[in-house]
Amino acid sequence: MKVQLLLLANLNLICAFIPVHEMNPTFWRNQAQDTLKKALNLQKLNIGVAKNVILFLGDGMGIPTVTAARILKGQLENRNGEEGFLEMDKFPHVALSKTYNTNAQVPDSAGTATAYLCGVKANEGTVGVSAASVRKQCNTTFGNEVTSILKWAEDAGKSTGIVTTTRVQHATPSASYAHSVNRDWYSDYDMPYEALEQGCKDIAQQLIYNIPGIEVIMGGGRKYMFPRDTPDVEYPNEWKANGSRLDGKNLVEEWKHSKKDKKAHYIWNREQLKKLDLNEVDHLMGLFEHGDLQYELERNKTSDPSLEEMVTAAIRILSKNPKGFFLLVEGGRIDHGHHEGKAKMALFEAVEMDKAIGRAGTLTRDTDTLTVVTADHSHVFMFGGYTFRGNNIFGLAPYLSDVDNRPFTSILYGNGPGYALENGERANVSTSEINDNHYQAQSAVPLRHETHGGEDVAIFAKGPMAHLFHSVHEQNYIPHVMAYAACIGQNRDHCTNLNTLPCDNGAWAAQGTSAILLALLALLACV
């Protein structure tokens with residue numbers, strides 16, 4: 001009864017959040033008709049060649065995170081939030097990706113990265129190797145290496161780049177260039193003696209030598225590039241930021257030496273990035289933190305570039321190649337925010353990645369650039385509680401629990417560090433604490449770190465061949481589509497004598513001996 005009275009008492013409040021025009025049925029009918037017209041235009045498929053391919057990977061960006069980020073974006077713009085659109089929401093083609101690893105129902109970021117970059121499913125904890133490799137067993141590496149779409153693009157003469165808010169040696173970026181049976185082997189300091197004796201290389205070393213032609217590398221991870229106890233350039237008095245390498249190698253200097261006859265630059269802060277004449281840069285390594293980059297909410301706007309700024313610089317450098325480019329962009333700290341139970345951190349990271357997606361759209365053309373946005377996995381993050389329209393996404397539900405008579409937030413986690421009891425009961429929640437950047441949302445099961453979720457994640461796509469993302473797909477399908485669209489890697493027969501000409505609707509139509517095949521494939525994608 002108390003819940004019912006509370007709901008009735010708030011009816012006037014609910015109505016206050018409903019925009020007047022939404023009370024008119026004509027508004028909704030017109031909106032649906034406009035959407036229908038746009039959908040009908042999608043029948044004119046872009047079946048041309050993708051000169052450029054950009055993959056945006058939101059680490060841990062499950063569908064609930066996408067929805068909550070959409071609401072947050074709108075509320076940051078002083079709107080209710082629910083009615084808005086993220087940049088990825090505007091992409092015309094959407095599918096679902098099955099994220100399980102070969103040995104895990106709920107996956108990790110390494111096995112999933114191998115799937116969406118190398119085109120084969122793999123075991124958890126391993127990068128750039130097939131499921132025949134066993135985690136932490138070095139001798140199962142050799143002969144089981146698999147290459148990534150970044151390598152395929154390099155082999156085709158395209159420029160390539162990696163941009164991440166994590167360490168550049170972290171799971172997602174490392175799967176594009178490394179082959180390691182342990183995602184945690186960042187430097188040789190992190191490796192067992194046996195693995196070094198058997199010939200396995202740490203991930204930082206592989207970044208420099210496996211695919212030396214990578215034009216752009218930006219993110220964190222300085223400590224893995226320098227000899228042990230080398231003071232960090234930004235944090236010279238913090239021992240945890242010191243170099244960690246036991247082999248004495250200075251991998252930054254080795255990278256610079258290998259590029260001595262080229263227009264190559266190593267930078268470590270935002271001011272250096274801003275001062276660069278990108279027209280005079282062919283290779284760029286920017287390592288802006290000793291470990292992962294700072295959360296967007298805590299970023300030093302003077303010394304640390306945003307993801308949007310890094311993506312802008314990367315595209316401007318890579319776009320100089322007439323053969324095009326492949327760019328991997330990771331919003332990696334969405335995942336970290338969720339693991340810590342700090343939804344505010346996670347969602348602001350997602351909004352920042354969406355800004356970068358929008359910026360990339362202004363610097364490229366849908367006619368010749370395939371852009372894909374997806375996630376590696378989800379999290380046990382959710383929001384509910386019958387909140388009213390426009391409710392603060394981080395706010396309280398509009399009524400108390402009918403069991404313990406205490407307030408609760410709309411955002412909750414299935415497990416994680418937010419579990420707390422007071423005198424044997426669920427902890428109380430105050431309005432002041434839930435607005436703190438570091439507030440840990442309550443969870444049902446106590447864990448030091450919240451876990452991944454096992455449900456499917458979304459794939460958003462636009463550009464040439466984007467319609468091939470059309471159903472529920474295995475995650476390893478993703479790079480095969482990107483490679484097919486770009487005429488690189490395994491499937492290139494359809495590219496023989498293929499030219500591209502603009503259509504009336506701005507799409508690109510195939511001309512030549514393969515046009516009929518491409519048209520049939522396009523039609524099959526609509527079935």
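Hydrogens, waters and symmetry mates play no part in the numbers below; they use all other heavy atoms, side chains included.
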Do the side chains of [X] and [Y] get close enough for a salt bridge, i.e. N-O under 4.0 angstrom?
{"X": "R245", "Y": "D202", "answer": "yes"}
{"X": "E280", "Y": "K263", "answer": "yes"}
{"X": "E154", "Y": "K151", "answer": "no"}
{"X": "E474", "Y": "K98", "answer": "yes"}
{"X": "K462", "Y": "D366", "answer": "yes"}
{"X": "K320", "Y": "D282", "answer": "yes"}
{"X": "R183", "Y": "E124", "answer": "no"}
{"X": "D232", "Y": "K223", "answer": "no"}

Crowding at [atom1], [X] (>12 non-hydrogen neighbours, <6.0 Å):
{"X": "E271", "atom1": "CD", "result": "yes"}
{"X": "K301", "atom1": "NZ", "result": "yes"}
{"X": "H449", "atom1": "NE2", "result": "no"}
{"X": "F85", "atom1": "CZ", "result": "no"}

So do the side chains of [X] and [Y] get within less than 4.5 Å of each other, counting heavy atoms only?
{"X": "S148", "Y": "Y177", "result": "no"}
{"X": "L246", "Y": "M191", "result": "no"}
{"X": "N242", "Y": "F226", "result": "no"}
{"X": "K256", "Y": "H265", "result": "no"}
{"X": "H93", "Y": "H470", "result": "no"}
{"X": "S176", "Y": "I162", "result": "yes"}
{"X": "V372", "Y": "M482", "result": "yes"}
{"X": "S97", "Y": "I478", "result": "yes"}

Hey, would you say the [X] and [Y] ring centroids sit under 6.0 Å apart?
{"X": "H377", "Y": "H338", "value": "no"}
{"X": "H452", "Y": "H379", "value": "yes"}
{"X": "Y484", "Y": "H494", "value": "yes"}

Verdict with reasoning, E234 to R222, per salt bridge (charged side-chain N to carboxylate O under 4.0 Å, His left out): CA-CA 10 Å; E234 187 174 8; R222 283 194 301 260; 3.1 Å; yes

Considering all heavy atoms of both residues, which atom of [X] and which atom of [Y] are nearest to each other, and what is their separation?
{"X": "N46", "Y": "G463", "result": "ND2-C, 3.7 Å"}
{"X": "V281", "Y": "I317", "result": "O-CG2, 3.6 Å"}
{"X": "A356", "Y": "F56", "result": "O-CZ, 3.8 Å"}
{"X": "G58", "Y": "D376", "result": "O-OD1, 3.8 Å"}
{"X": "I488", "Y": "A156", "result": "CG2-CB, 3.5 Å"}
{"X": "N144", "Y": "S133", "result": "CB-OG, 3.3 Å"}

Trace of the side chain to side chain contact (heavy atoms under 4.5 Å, CB included) decision for V216 with L318: CA-CA 8 Å; V216 174; L318 300 176; 3.9 Å; yes

Chi angles and distances behind the side chain to side chain contact (heavy atoms under 4.5 Å, CB included) call for S159, E215: CA-CA 6 Å; S159 293; E215 280 79 4; 3.7 Å; yes

For L297, the option from E352, K344, K342 that meets side chain to side chain contact (heavy atoms under 4.5 Å, CB included):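 Of the listed residues E352, K344, K342, the side chain to side chain contact (heavy atoms under 4.5 Å, CB included) partner of L297 is K344.
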
Decide whether [X] and [Y] meet the rule of one side-chain donor and one side-chain acceptor closer than 3.5 Å.
{"X": "R228", "Y": "Y189", "value": "no"}
{"X": "S109", "Y": "T172", "value": "no"}
{"X": "R359", "Y": "T312", "value": "yes"}

Step-by-step salt bridge (charged side-chain N to carboxylate O under 4.0 Å, His left out) determination, R167 to D292: CA-CA 5 Å; R167 291 153 280 183; D292 300 318; 2.9 Å; yes

Intermediate values then yes/no, side-chain hydrogen bond (donor to acceptor under 3.5 Å, both in side chains), Y266 and Q272: CA-CA 9 Å; Y266 168 73; Q272 292 173 330; over 6 Å; no

Working for side chain to side chain contact (heavy atoms under 4.5 Å, CB included), residues T160 and F325: CA-CA 5 Å; T160 57; F325 65 83; over 6 Å; no

Intermediate values then yes/no, side-chain hydrogen bond (donor to acceptor under 3.5 Å, both in side chains), H339 and D335: CA-CA 6 Å; H339 279 309; D335 177 72; 3.3 Å; yes

CA sep, side-chain torsions, deciding dist, call: K249, E254, salt bridge (charged side-chain N to carboxylate O under 4.0 Å, His left out): CA-CA 8 Å; K249 291 183 177 181; E254 292 187 19; 5.0 Å; no

Polar side-chain atom of N101 near backbone of P107 as donor-acceptor pair, under 3.5 Å: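 No, the answer is negative, given that no donor and acceptor are paired below the 3.5 Å cut-off.
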
Backbone N/O of N80 and side chain of Q75: donor-acceptor pair under 3.5 Å: yes

Step-by-step side-chain hydrogen bond (donor to acceptor under 3.5 Å, both in side chains) determination, E330 to T166: CA-CA 8 Å; E330 182 195 23; T166 68; 3.2 Å; yes

